[in-house]
Trainee: 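Have a look at this one.
Values in this document were obtained by computation on a predicted structure and should not be read as measured data.
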Amino acid sequence: MRMPITVGTILVIASLSGCDMFAGPSADIPDAELRKKWRECKTISNPSRTKVLACENYERECARRKGKGNIACY
């Protein structure tokens with residue numbers, strides 16, 4: 001027996017098809033700003049847990065861009 005496609009299913013598929021599900025908030029940061037935040041993270045000696053998470057996101061985004069040939073942080 002075939003299951004009918006509901007309107008909700010169609011809306012979910014349509015909304016997810018246009019977005020990059022794996023890009024974080026730092027994917028929208030311009031190169032210069034990302035570089036500045038990445039360098040700032042390198043100088044912090046005792047960061048808060050929130051700052052550690054933010055710095056990990058910046059590092060991940062720098063690595064992602066480097067993989068695409070953009071060496072914004074290096």
Trainee: What I'd like to find out is whether the side chain of Leu34 reaches to under 4.5 Å of the side chain of Glu61, using heavy atoms alone.
Mentor: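 Heavy-atom side-chain distance check passes, below 4.5 Å.
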Trainee: Okay, side chain of Arg35, backbone of Ala72: is any donor-acceptor separation there less than 3.5 Å?
Mentor: yes
Trainee: Measure the SG-CZ distance between Cys73 and Arg39 for me, rounded to the nearest 0.5 Å.
Mentor: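 Spacing of SG (Cys73) from CZ (Arg39) equals 8.5 Å.
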Trainee: Flag the pair Arg65 / Asp31 as yes when at least one side-chain heavy-atom distance between them is below 4.5 Å, and no otherwise.
Mentor: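 SC-SC contact between Arg65 and Asp31 confirmed.
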Trainee: Salt-bridged, Glu56 to Lys51, with N to O below 4.0 Å?
Mentor: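 Salt bridge flag = no for Lys51 with Glu56.
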Trainee: Atom SG in Cys55, atom CH2 in Trp38: separation rounded to 0.5 Å?
Mentor: 11.5 Å
Trainee: Counting only heavy atoms from other residues, nucleotides and ligands, does the tally under 6.0 Å from CD1 of Ile71 exceed 12?
Mentor: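 Check fails, neighbour count at 12 or below.
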Trainee: Could you report the tightest heavy-atom contact between Cys41 and Tyr58, atom names first, then the distance?
Mentor: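 Closest pair (atom of Cys41, atom of Tyr58, distance): SG-CD1, 3.8 Å.
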